[in-house]
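Just so it is clear: chains get the letters A, B, ... in the order the sequence lines come, proteins before strands, and each one is counted from 1.
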Amino acid sequence: MSKALDILRERGFLAQITFEEDLEKAFDEGMVTFYNGFDPTADSMHIGHYIPVMAMAHLQRAGHKPIALMGGGTAVIGDPSGRTDLRKMLTREQIDQNIEGIKRQMLKFLDFDSGSANAAEIVNNADWLLKLNYVDFIRDIGSLFSVNRMLAAECYKQRLERGLTFLEFNYMLMQSYDFLHLFHEKGCTLQTGGDDQWSNILSGADLIRRKEGKPAFALTFKLLLTTDGVKMGKTAKGALWLSPEKTSPYDFYQYFRNVDDADVAKCLGLLTFLPMDEVRRLGAMEGSAINEAKRVLAFEVTKLIHGEDEAQRAQQAAEALFSGGGMGGSIPTTEITEAQLSEDNRLVALVALCGLCKSKGEARKTIEAGGIAIDDTKVTDVDARIDAAQLQGEGLLIKKGKKSFHRIVLK
RNA sequence: GGAUGGGUUCCCGAGUGGCUAAAGGGAGCAGACUGUAAAUCUGCCGUCGACGACUUCGGUGGUUCGAAUCCACCCCCAUCCA
């Protein structure tokens, strides 16, 4: 039974695969060790990392061994795929800290228990890349790369028109070397990643085939794009993060509660573990009935990331708020002190403080546009002030537009 | 190293001495309509205790009553040549 690939195929993960039949056979014959790269540029994953992690989880459940490679060594170069700015250099300590944060989030999806044969592992390519000797490297590895072929790769073709430094040009070699290294050290024969990584992954697999004469495979996942072709997960506040400190469970829930109709089925397959029968049933809903599917989607995804309790609370909060009025559940809340309040008790200050608006000016403009309501009453006075009494007990519910809520209570 | 063309607000991109906080588009936010969707229409869209004030047009100096716009030097980018 070729379960592993079928599962990914059915759920809509697959973008491109090399030697599909051989890979399928390898999956069927026994445990395949595979890896997926992650950039430890922050201490939390965001929704873009989620697809590979889900795919890794599916593959591990099918009996294969996942390795999460942290790009501690390559992060300092910056992947040229689709990006124009060089990334900031991070210190070793920051990177290690970030890796810890990311690992903690992966624990929910991957089994790192060393007791099992296919336990997941985390490695950091800084451990081997930083030790490389330049001359050895270009002789052993560089000699196996054809510049002509590299230039033909789609990711460089575009960059050639805009400019590409030699530093970035080397990214492909380093990533290929990672694959070779893991092939040697861990018997890793497959690299996975987002579809924007196709060229890099492919060249790694090629390197192993050429240098070792052994099979190695490349597999990419579809990127999480909205129907408009834009990367999903962009919000007013930036990326959609998996850590509750960076994106509250409520906001996280709301993001998926609000996805485009056309994206619902895709998201259910990719982002949840729901059986495909259920995914198809929900995805086929039309008109306002599809709101039910969105509820399920938002709940399931929030549950996977933040746990069932948080998901429940986010859902209750959303439903209480949208069905008119009430508090309850976990609405993002800000506590403020008497001192803060006496310093500036204008409503615009509070709205800016809690993050509903980026600045007091923006808060003022939003009020002028009729976009701010307190306890469901539209505010018309730009100079409105709030006193301590209003913040007692349950506090004050500030609403911006139709979908953003924030509660303010006195500490 | 040489020649040429460039660096404008979140992004693209006009502007070539005062009428310019800087056209237009995109993104974003808000309003109407809706299903917490999409499409459409409308408003906002540098910052601020805001009928006013302050800071922006790669950097630093200069010319001028007045500069994103002119001059000098410097930095960066692209294309061609080496």
Parallel, tilted or perpendicular: rings of A/H306 and A/F252 (30°, 60°): perpendicular
A/D375 side-chain N/O to A/L397 backbone N/O, donor-acceptor pair under 3.5 Å: yes
A/T220 side chain to A/Q16 backbone, donor-acceptor under 3.5 Å: yes
How long is the line joining [atom1] of [X] and [atom2] of [N], in whole Å?
X      : N     : atom1 : atom2 : value
A/K358 : B/C44 : NZ    : P     : 17 Å
A/E362 : B/G49 : CD    : C1'   : 18 Å
A/Y255 : B/U36 : OH    : C1'   : 14 Å
A/L282 : B/A37 : CG    : P     : 19 Å
A/K266 : B/A37 : NZ    : P     : 18 Å
A/I398 : B/C29 : CD1   : P     : 19 Å

Among B/G49, B/A38, B/U36, the nucleotide that comes nearest once only the side chain of A/R385 is considered: B/G49
Minimum-distance nucleotide to A/K365 side chain [options: B/A37, B/C44, B/U36]: B/C44
Under 3.5 Å for both donor-acceptor distances, Watson-Crick or wobble: does [N] have a partner, and if so which one?
N     : result
B/A27 : none
B/C73 : B/G59
B/A3  : B/U79
B/U9  : none
B/G35 : none

Suppose you measure atom [atom1] in [N] against the same atom in [M]; what distance do you get, rounded to whole Å?
N     : M     : atom1 : result
B/A67 : B/G58 : P     : 15 Å
B/U9  : B/G59 : P     : 10 Å
B/U64 : B/G52 : C1'   : 27 Å
B/U16 : B/G49 : C1'   : 38 Å
B/C54 : B/G7  : P     : 29 Å
B/U42 : B/C51 : C1'   : 25 Å
B/G6  : B/G13 : C1'   : 14 Å
B/U69 : B/G15 : P     : 15 Å

Distance test, side-chain N/O of A/S359 to OP1/OP2 of B/C48, below 4.0 Å: yes
B/G49 OP1/OP2 closer than 4.0 Å to side-chain N/O of A/K360: yes
Side chains of A/P66 and A/F34 in contact at under 4.5 Å (non-hydrogen atoms): yes
Less than 4.0 angstrom from a charged side-chain N to a carboxylate O is my criterion; do [X] and [Y] meet it?
X      : Y      : value
A/D140 : A/K211 : no
A/E362 : A/K365 : no
A/E100 : A/K103 : no
A/E300 : A/K303 : yes
A/R9   : A/D6   : yes
A/E10  : A/R280 : yes

5' precedence on RNA chain B between A/R364 and A/S288 (nearest-nucleotide basis): A/S288
Nearest-nucleotide comparison on RNA chain B, the residue closer to the 5′ end among A/D344 and A/N291: A/N291
Sugar-phosphate, base or nothing in reach of A/E368, heavy atoms under 4.0 Å: nothing
Strand-adjacent residues in residues 292-310 of chain A, judged by heavy atoms under 4.0 Å from RNA chain B: A/K294
Within 45° cone and under 6.0 Å: A/R257 NZ/CZ vs A/F322 ring: no
Contact list (N/O, under 3.5 angstrom) for nucleotides 30-34 of chain B vs protein:
| from | atom 1 | to | atom 2 | distance (Å) |
| --- | --- | --- | --- | --- |
| B/A30 | O2' | A/A369 | O | 3.1 |
| B/C33 | N4 | A/K402 | NZ | 3.2 |
| B/U34 | O4 | A/K402 | NZ | 3.0 |

